[in-house]
Protein chains: 2
Amino acid sequence: MSQMQSVEKQLRQMILGLEIGPGEKLTERWIESRFGASRTPVRAALLRLETEGLVGRDGRGWTVSPINLAELEQIAVYREAVEVAALRLTCGLADRSAVDVIEAMLESCDNDTPREEWHRVGMDFHIELARLSGNEFLFRAVRDAMTRLSRARWLEVRDEAALSRAWAEHRAILAAARLGDADEAARLLSGHIVGSRDRLVTSLANDRRGLRARGFAVVAA
Amino acid sequence: MSQMQSVEKQLRQMILGLEIGPGEKLTERWIESRFGASRTPVRAALLRLETEGLVGRDGRGWTVSPINLAELEQIAVYREAVEVAALRLTCGLADRSAVDVIEAMLESCDNDTPREEWHRVGMDFHIELARLSGNEFLFRAVRDAMTRLSRARWLEVRDEAALSRAWAEHRAILAAARLGDADEAARLLSGHIVGSRDRLVTSLANDRRGLRARGFAVVAA
DNA sequence: GATACCAGTTTGGGATACCAAGATGGTGCA
DNA sequence: TGCACCATCTTGGTATCCCAAACTGGTATC
């Protein structure tokens, strides 16, 4: 694989995995030495990650984007628009058997499943559901939105109850989609996204002090 | 201004203005000499334009993205989702006086206005309307979608009747928005986008042969 | 003690040199 | 005449060098 993609992937993983904290400063030279690459691929990686919203310019210089509560709320509205549109398209398809594949994805998580896996499947549920619509742009929009949400969801203090509730909502959405009931599926998905946003934002707002203490920049709504 | 942004802007303008035809091959060296810049800014510009969908990789090497009818249809669906969502948000605002600014934008076009200006204002209407929602992500989504549509709209053989009809629809949408009638505004906007898509796609499909003769790559739906 | 200023260092942006892989075209053999 | 093969050129990917601007730390002055 070319170094370029490698640097991009590794750096993205470090940011999403919070190995580099939100708000931290980045220098091209540091990335260069850290990954043993030269500046050209480093710059390409930074430019790509900038469009994904994971890093940003800080005057001269680069910064890992802080967690921004106002942004999270806006993303929730955006997600609702594109995910509901995608789901409605899917409900209109003649062959909706692909929802079973997503159902199986959910089933793969049980009590022994590590936390990381729940995190990933929780995001992939939405991404794969959008992919079923067949609309490339709706799919990319959802994928990009979930990428932006990823770190915040990781920071969120999740209790077991919230997780099992989310899973139940996921299953209900799939059930409505399987029947082709677009209105019901849309209603459930909207509710899920709004509820998810509320839990996320309040959880982060409450923990804001603690997160800052761990060196994570969190911008208020 | 840094060279980097300059190369990016100029190249984007050449692509959007069809000075470089859809489907044409690009070499970094050519761009380099054409704009008197070095490869670093050229590279950065290409990476950015790639994320905008204006250029793409062609194995090794770069190509100006061809006009893709299937993509245009998908973008219309995407646009409908995000623009309607944005408009509904705007209708819910307490202060909707900003719609008058957009109305004034429309008024600035009359019989003496050059074709380019109509083209630009026709896109800006949708972009600025989305901006009113206050949601950064919906706004960007609309702006990016319009960028992707730009060249196709430019190629479209527009008759006067279609233009004045579009303007009338724009005004009707604004009127409903001013009243805060979200459902009516959404209905009008959906109809406008769908109609616009139909005219665009059929027009391009009919002209496909002629466009190819002019050296423009047009990919079928 | 505070502040303004200056030298040195750091850092991102730009330019250039080099390389390997792929395209090209010409030549020689069948 | 046609096709296969090889030398050559082109081109994107990478590494490295240079520069101007900004930041840093210390010092001298008020």
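Chain naming here is simple, since letters A, B, ... match the order of the sequence lines and numbering starts at 1 in each.
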Inset, instruction - Please report, rounded to the nearest Å, how far the C1' atom of C:dG13 is from the CG atom of A:Leu47. - result: 11 Å

Legend entry - Lys/Arg N to Asp/Glu carboxylate O, B:Arg197 vs B:Glu80, below 4.0 Å: no

Legend entry - Pair B:Glu117 + B:Arg120, salt bridge at N-O below 4.0 Å: yes

Inset, instruction - Decide whether A:Thr147 and A:Asp144 meet the rule of one side-chain donor and one side-chain acceptor closer than 3.5 Å. - result: no

Legend entry - Modelled atom types, side-chain donor and acceptor of B:Ser133 and B:Asn135, under 3.5 Å: no

Inset, instruction - Please work out if B:Gly61 contacts a base, only the sugar-phosphate, or nothing of the nucleic acid, heavy-atom cut-off 4.0 Å. - result: sugar-phosphate

Legend entry - hbond_proxy A:Arg43 side chain to C:dG13 base (donor-acceptor, 3.5 Å cutoff): yes

Legend entry - Among D:dC17, D:dA15, C:dT16, the nucleotide that comes nearest once only the side chain of A:Arg39 is considered: D:dC17

Legend entry - A:Arg43 NZ/CZ over A:Trp62 ring centroid, <6.0 Å and within 45° of normal: no

Inset, instruction - For DNA chain C, find the residues of residues 25-34 of chain B with a heavy-atom distance under 4.0 Å and give them by number; none if there aren't any. - result: B:Arg29

Inset, instruction - Map every base of DNA chain C to its dot-bracket character, where paired means a Watson-Crick or G-U wobble contact with both distances under 3.5 Å and | marks a partner outside the strand. - result: ||||||||||||||||||||||||||||||

Legend entry - salt_bridge(A:Arg131, A:Glu128) N-O dist < 4.0 Å: yes

Inset, instruction - May I have the distance from B:Asp58 (atom CG) to D:dG13 (atom P), rounded to whole angstrom? - result: 12 Å

Inset, instruction - Using atom types as modelled and distance alone, determine if a side-chain donor or acceptor of B:Arg151 lies under 3.5 Å from a backbone N or O of B:Ser65. - result: yes

Legend entry - Side-chain N,O (B:Ser38) to OP1/OP2 (C:dA15) below 4.0 Å: yes

Legend entry - From D:dT14, C:dA15, C:dG12, nucleotide with atom closest to B:Pro41 side chain: C:dA15

Legend entry - Lys/Arg N to Asp/Glu carboxylate O, A:Glu52 vs A:Arg48, below 4.0 Å: no

